[in-house]
Student: 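Okay, here's the structure, questions in a sec.
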2 protein chains.
Amino acid sequence: MSEPRWLTPDQSEVWAKYRRVRRELQRAQDQQLQRDSGLSAADYALLAPLSESPDGVLRARELGAEVGWERSRLSHQISRMEKRGLVTREACADDARGSMVRLTEKGREAIEAAAPAHAENVQQLVFDPLTPDEVRIFGDVLDRILGAVERNSR
Amino acid sequence: MSEPRWLTPDQSEVWAKYRRVRRELQRAQDQQLQRDSGLSAADYALLAPLSESPDGVLRARELGAEVGWERSRLSHQISRMEKRGLVTREACADDARGSMVRLTEKGREAIEAAAPAHAENVQQLVFDPLTPDEVRIFGDVLDRILGAVERNSR
DNA sequence: ACCAGGTTGTTGACATGTCACCGACTTCAC
DNA sequence: GTGAAGTCGGTGACATGTCAACAACCTGGT
């Protein structure tokens with residue numbers, strides 16, 4: 001093996017800043033959601049695609065693909081949300097292995113109550129501090145990194 | 001209350017991309033670390049500042065400040081790493097409330113074995129796909145967001 | 001029809017993170 | 001000095017995430 005490619009000081013700084021934003025932004029959003037609506041970020045992540053689908057029903061597989069979660073994590077989270085009355089499980093007509101997840105009335109009320117404050121929070125923390133040019137380049141940067149990560153995992 | 005400030009389609013796309021990068025990049029790094037060195041990302045996060053400090057010792061408070069963790073999370077993680085022989089706890093001479101965390105020989109070997117591959121991974125996934133200009137602007141963007149988050153939590 | 005191999009969702013064990021609280025100690029105003 | 005208030009680290013209960021294994025089912029070639 002050749003000499004390791006250590007990070008330069010500039011790179012280290014950017015990398016540390018990225019990890020800090022990841023941590024602090026996540027924390028800020030968890031707290032805002034919990035405080036204003038009693039929902040966790042995980043709850044919100046599942047409720048959002050459900051509320052946008054016709055009849056508030058999605059096959060578990062589709063829901064998992066929407067949020068990019070593994071099946072196990074999804075199943076556990078659905079169980080917890082089912083216990084709190086936010087969603088229900090139903091059999092899948094097409095495929096007897098499958099399972100459908102349905103938004104309850106309570107679940108719909110919860111997401112609709114939470115959405116405006118959540119959107120305002122994202123605006124304030126992410127988009128208000130950026131110029132339109134920066135938003136565009138930020139999107140490009142994310143695309144490039146995502147491409148590298150996907151190439152990496154294949 | 002006035003009309004909620006919903007995200008525009010462009011904003012939604014950038015925001016979804018950010019969450020995806022957060023998730024996939026984290027997953028890629030967890031797996032690389034675990035596979036190549038048997039360390040978790042949490043292990044690495046604590047071992048790195050410890051290995052850079054003189055004698056491999058830091059007061060728990062300092063270590064917590066370095067990584068930006070709460071005291072409870074830090075304490076639990078140190079307990080787990082102590083059990084695996086990566087660090088030890090010692091009394092703090094200056095302040096009887098305090099507790100010092102010391103890297104063991106095994107801990108130092110682990111971080112030194114893990115560091116080169118981890119650096120290479122960050123280079124490949126984050127910096128290789130970006131131009132120097134993009135890296136600079138990415139840093140600015142992170143600064144702006146961090147500023148907004150900090151203003152928000154005070 | 002059959003069955004080998006892939007898919008789907010669930011479960012239990014375990015690792016990790018959060019929260020509320022405590023006990024010991026330090027700091028500071030008086 | 002002394003007491004109130006703050007700081008520090010740790011703990012237990014619980015929420016969340018990961019992993020390996022499983023049962024049930026679908027799909028394709030034969």
Side-chain angles (χ1 to χ4, degrees), chain A residues 19 22-24 26-35 38-47 57-84 86-102 153, chain B residues 19 22-24 26-35 38-47 57-84 86-102 153:
Chain A
R19 284 174 302 165
R22 182 175 64 191
R23 174 166 33 87
E24 298 295 328
Q26 181 77 72
R27 200 183 45 72
Q29 303 219 290
D30 285 353
Q31 288 186 352
Q32 181 271 321
L33 270 175
Q34 190 66 55
R35 178 169 41 79
L39 294 177
S40 69
D43 296 334
Y44 193 92
L46 295 196
L47 292 178
V57 188
L58 277 177
R59 183 161 173 185
R61 184 182 48 174
E62 303 300 334
L63 183 53
E66 286 285 334
V67 297
W69 290 7
E70 315 162 26
R71 285 169 297 168
S72 166
R73 179 179 177 189
L74 183 64
S75 179
H76 282 303
Q77 181 66 29
I78 291 173
S79 297
R80 289 187 291 259
M81 292 171 70
E82 200 176 16
K83 218 171 288 179
R84 289 188 290 141
L86 297 171
V87 299
T88 57
R89 278 191 241 243
E90 299 175 5
C92 176
D94 312 355
D95 184 338
R97 293 168 304 180
S99 140
M100 308 295 290
V101 185
R102 180 183 297 276
S153 39
Chain B
R19 285 175 300 164
R22 183 175 63 191
R23 176 166 32 87
E24 297 295 328
Q26 180 78 71
R27 200 181 45 70
Q29 301 219 292
D30 284 354
Q31 288 186 353
Q32 181 270 321
L33 270 175
Q34 189 67 54
R35 177 167 42 77
L39 295 177
S40 69
D43 296 334
Y44 193 92
L46 295 196
L47 291 178
V57 188
L58 276 177
R59 182 161 174 184
R61 184 181 47 174
E62 303 301 331
L63 183 52
E66 286 284 335
V67 296
W69 289 7
E70 316 161 27
R71 286 170 297 170
S72 167
R73 179 178 176 190
L74 183 64
S75 179
H76 281 305
Q77 181 66 30
I78 291 174
S79 297
R80 289 187 291 259
M81 292 172 70
E82 201 175 16
K83 217 172 289 177
R84 289 188 289 140
L86 297 172
V87 299
T88 57
R89 277 192 241 244
E90 299 175 5
C92 177
D94 312 354
D95 184 339
R97 293 169 302 182
S99 140
M100 308 296 289
V101 185
R102 179 184 298 276
S153 40

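Every chain is numbered from 1, with letters handed out A, B, ... down the list of sequences.
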Student: Describe the nucleic acid contact of Arg73(B) in one word from base, sugar-phosphate, nothing, applying a heavy-atom distance below 4.0 Å.
Tutor: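 The residue Arg73(B) makes base contact.
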Student: Is there a donor and acceptor pair, one atom on the side chain of Ser72(A) and one on the base of dT11(C), closer than 3.5 Å?
Tutor: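 For Ser72(A), whose side chain was compared with the base of dT11(C), there is a donor-acceptor pair (under 3.5 Å).
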Student: Has Ser99(A) got a side-chain N or O lying under 4.0 Å from the OP1 or OP2 atom of dT10(C)?
Tutor: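 So the side chain of Ser99(A) is within the cut-off, an N or O lying under 4.0 Å from OP1 or OP2 of dT10(C).
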Student: Would you mind reading off the distance between Leu63(A) atom CG and dT10(C) atom P, rounded to a whole angstrom?
Tutor: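 Atom-to-atom, Leu63(A) to dT10(C), this comes out as 11 Å.
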Student: Write down the distance between CH2 (Trp69(B)) and P (dC19(C)), rounded to a whole number of angstrom.
Tutor: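 Roughly 15 Å, once rounded to whole Å.
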Student: Between dG9(D) and His76(B), counting only base atoms on the nucleotide and side-chain atoms on the residue, is there a donor-acceptor pair under 3.5 Å?
Tutor: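 Check fails, no donor-acceptor contact within cut-off.
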Student: If only atom types and distance count, is the side chain of Ser79(A) paired as donor or acceptor with the main-chain N or O of Ser75(A) below 3.5 Å?
Tutor: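 Confirmed, Ser79(A) side chain pairs with Ser75(A) backbone.
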Student: Under 4.0 angstrom, heavy atoms only, what part of the nucleic acid is Asp95(B) near: base, sugar-phosphate, or nothing?
Tutor: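 It contacts sugar-phosphate atoms only.
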Student: Does Arg71(A) or Ser40(A) map to a spot on DNA chain D nearer the 5' end, using the closest nucleotide for each?
Tutor: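 Comparing both residues, the 5'-ward one is Ser40(A).
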Student: Is it true that a side-chain atom of Arg23(B) and a backbone atom of Val67(A) form a donor plus acceptor pair closer than 3.5 Å?
Tutor: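 Indeed, once roles are kept as given, a pair shorter than 3.5 Å links the two residues.
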Student: Starting from the 5' end of DNA chain D, give me the residue, Gln34(B) or Asp43(A), whose nearest nucleotide shows up first.
Tutor: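 Result of the comparison: Asp43(A).
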Student: Could you check Val101(A), Val87(A), Leu63(A) and say which one makes a side chain to side chain contact (heavy atoms under 4.5 Å, CB included) with Leu58(A)?
Tutor: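 One option only clears the test, and that one is Leu63(A).
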Student: Between atom CE in Met100(A) and atom P in dG9(C), what is the gap in whole Å?
Tutor: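 So the two atoms are 10 Å apart, to the nearest Å.
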Student: Grab the CG-P distance between Leu46(A) and dG9(C) for me, whole Å please.
Tutor: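 After rounding, the reported distance stands at 13 Å.
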Student: Once you round it to whole Å, what is the distance between C1' of dG17(C) and CD1 of Ile78(B)?
Tutor: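 For the pair Ile78(B) CD1 and dG17(C) C1', the rounded distance is 15 Å.
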Student: Separation of Met81(A) atom CE from dT16(D) atom C1', in whole Å?
Tutor: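 Rounded to whole Å, this separation is 13 Å.
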Student: Check whether any side-chain N or O of Asp30(B) sits under 3.5 Å from a backbone N or O of Arg27(B) as a donor-acceptor pair, and report yes or no.
Tutor: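 Judged by distance alone, no pair lies under 3.5 Å.
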Student: Can you see if the side chain of Arg97(B) gets near the phosphate of dA24(C) - specifically, an N or O under 4.0 Å from OP1 or OP2?
Tutor: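 Arg97(B) to dA24(C) OP1/OP2: no side-chain N or O under 4.0 Å.
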Student: Remember a base hit wins even if backbone is also touched, and classify Arg61(B) as base, sugar-phosphate or nothing at under 4.0 Å, heavy atoms.
Tutor: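 Sugar-phosphate, no base atom in range.
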Student: Quick one: CE on Met81(B) to CZ on Arg89(B), what's the gap to the nearest 0.5 Å?
Tutor: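 Answer for the CE-CZ pair, Met81(B) versus Arg89(B), is 11.0 Å.
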Student: Starting at atom CG of Asp30(A), determine the distance to atom C1' of dA15(D), rounded to an integer number of angstrom.
Tutor: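 Rounded to whole Å, this separation is 12 Å.
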Student: Would you indicate which nucleotide in dG17(D), dT18(C), dT16(C) comes nearest to any side-chain atom of Glu70(B)?
Tutor: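 It is dT18(C).
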Student: How close or far is atom P of dT10(C) from atom CD of Glu82(A), stated in whole angstroms?
Tutor: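 Answer to the nearest Å: 9 Å.
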Student: Just to confirm, is there a sub-4.0 Å distance from OP1 or OP2 of dT16(C) to any side-chain nitrogen or oxygen of Arg80(B)?
Tutor: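 The answer is yes; a side-chain N or O of Arg80(B) sits under 4.0 Å from OP1 or OP2.
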Student: Regarding Asp43(A) and Arg84(A), does a basic nitrogen lie under 4.0 Å from an acidic carboxylate oxygen?
Tutor: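 Answer for the salt bridge query: yes.
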Student: Please tell me which of the listed nucleotides, dC26(D), dT26(C), dT10(C), lies nearest to the side chain of Ser75(A)?
Tutor: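 Per side-chain heavy atoms of Ser75(A), the pick is dT10(C).
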Student: How is Arg59(A) classified with respect to the nucleic acid when contacts are heavy atoms under 4.0 Å: base, sugar-phosphate, or nothing?
Tutor: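 Sugar-phosphate only.
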Student: So what does Arg89(A) hit on the nucleic acid, given a heavy-atom distance under 4.0 Å: a base, only sugar-phosphate, or nothing?
Tutor: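 Answer is sugar-phosphate: Arg89(A) comes under 4.0 Å of backbone atoms only.
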